[in-house]
**Q** 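Let me give you the structure first, and then I'll get to my questions.
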Amino acid sequence: MKGKIADPSLASEGERSYSWAYKNMPALVKTIESFGDEMPLRGRKVAMCLHVTKETSVLAMGLKRLGADVYLSAANPLTTQDDIAAYLSSQGVNVFAWRGENQEEYFSSIESILRAKPDIIMDDGSDAHVTFHEEKEFSDHKVMGGTEETTTGVTRLRALSKAGKLRYPVIAVNNAYTKFLFDNRYGTGQSTFDGLLRATSLLIAGKKVVVAGYGWVGKGIAKRARGLDAHVIVTEVDPLKALEAHMDGYEVMLMGNVAELGDVFITATGQINVIRGEHLEKMKDGVILANAGHFNVEIDVNYLKQNSISKKSVRCFVDEYLLKNGKRLYLIGDGRIVNLVAAEGHPPEVMMMSFSNQLLSVVNISENHSSLEKKVYDVPESIDKQVAKNALEAMGIKVDEITEEQRRYASEWKV
Ligand code: ADE
């Protein structure tokens with residue numbers, strides 16, 4: 001077995017965390033167990049570039065149980081739970097991940113899992129897919145297919161495909177209803193506040209919370225902020241999403257105008273430099289800044305670093321930047337994805353759906369790769385529906401069956 005982790009002695013702590021996630025991810029467990037003694041991934045090498053969390057450990061162990069040889073690296077240098085890395089490593093997963101990797105170590109870990117010559121690459125954010133496509137070292141390797149977990153990653157893959165450079169089919173797990181409706185909205189909504197509250201321990205009620213971006217992630221954050229009795233203001237660039245935010249009862253404003261009003265700013269756009277110097281300079285003393293997007297590019301952290309008189313760590317994950325205008329701004333987790341840096345990521349009950357889609361998509365690629373084209377596919381509807389059924393069953397919710405008469409009615413054009 002290969003790998004590099006922080007501390008193997010954390011394995012038993014990791015096992016407790018794994019067991020907690022396992023118990024709370026019944027739909028994923030059901031998906032794994034639905035294969036019985038079959039091992040549809042026997043002989044397959046799967047490279048996973050995911051956040052190394054307790055939820056990911058259930059997926060990794062599930063892939064192993066289906067016969068795969070699993071290689072795991074982190075999807076962010078700061079999100080690895082070292083106890084989980086140790087537990088998975090003790091169970092025969094080849095883990096190359098530790099919390100606090102520098103940029104070079106982060107990409108070198110990704111290269112390590114790609115060097116294993118995987119048949120399938122599972123990614124979150126597309127750093128592994130892009131590294132595979134960019135590094136000469138991998139130009140002769142053949143890959144059956146890949147999967148991608150996030151909106152940001154799917155956007156990058158579509159650009160790669162549009163440039164005619166995509167070398168294998170990829171299933172956009174992010175685009176399954178049973179992924180984005182729950183993970184992006186309820187998962188990020190809750191876990192963003194989990195991170196924000198663990199880091200700051202401050203009250204949200206009565207504060208002006210500015211949510212940048214009203215995609216599924218932004219919607220979830222705005223909803224949770226409202227639930228905590230914040231005054232919520234949304235910024236958007238897309239007219240449809242802005243209109244939706246307005247109709248959902250939020251104030252919609254320009255970032256340039258709301259910069260001087262907000263108490264807490266949370267970015268969720270997938271875009272670069274959404275909060276820039278011109279905004280930071282206008283902000284009130286004591287403002288909290290957090291990012292919920294995949295990459296640490298949404299808040300111009302370099303501006304803060306270059307234009308502050310001082311920077312000091314005031315709490316775990318909270319840095320105080322003293323601007324030349326005398327205002328102090330508090331940045332959470334260095335502008336990296338707040339829910340995974342300052343908390344444990346999405347709860348297991350949403351990850352069970354996202355990861356059921358991942359697992360079934362990997363099996364689908366393993367079985368059908370020869371008939372797939374080198375393009376980005378959505379998750380097959382049959383998989384999405386199966387995941388929804390499993391989740392409902394796990395939650396003890398029964399739904400009605402369509403009657404024969406209704407089926408006929410829905411297929412006729414005459415009433
Ligand atoms: N992305 C967001 N939350 C996550 C979690 N709990 N595990 C893995 N990836 C995640």
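Remember, it's 1-based here, ligands and their atoms both numbered in the order they're listed.
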**Q** If we ignore angles and hydrogens, is there a donor and acceptor under 3.5 Å between the side chains of H294 and T150?
**A**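 The answer is no; no qualifying pair exists.
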**Q** Under 3.5 Å, sequence neighbours excluded: what are the donor-acceptor pairs made by side chains of residues 52-62?
**A**
unit_1	atom_1	unit_2	atom_2	d
T53	OG1	E55	N	3.3
T53	OG1	E55	OE1	3.3
T53	OG1	T56	N	3.1
T53	OG1	T56	OG1	3.2
K54	NZ	E344	OE1	3.1
T56	OG1	H51	O	2.6
S57	OG	K54	O	2.5

**Q** Give the protein residues with at least one non-hydrogen atom closer than 4.0 Å to an atom of ligand 1, ordered by chain and number.
**A**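 Close residues (ligand 1, cut-off 4.0 Å): H51, T53, E55, T56, L340, E344, G345, H346, M351, F355.
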**Q** Can you check whether M255 reaches I275 side chain to side chain, under 4.5 Å on heavy atoms?
**A**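 A side-chain contact exists here, since the closest heavy-atom pair is under 4.5 Å.
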**Q** Going by the side chain to side chain contact (heavy atoms under 4.5 Å, CB included) test, name the single residue among N307, L331, L289 that passes it with L280.
**A**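 Of the listed options, the one satisfying the test is L289.
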**Q** Of all residues at least two apart in sequence or in a different chain, which pass the side chain to side chain contact (heavy atoms under 4.5 Å, CB included) check with N296?
**A**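 Counting only residues at least two positions away or on another chain, N296 forms a side chain to side chain contact (heavy atoms under 4.5 Å, CB included) with R336.
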**Q** Listed by chain and number, what are the side-chain hydrogen bond (donor to acceptor under 3.5 Å, both in side chains) partners of R167, not counting sequence neighbours?
**A**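 Partners of R167 under the side-chain hydrogen bond (donor to acceptor under 3.5 Å, both in side chains) test: none.
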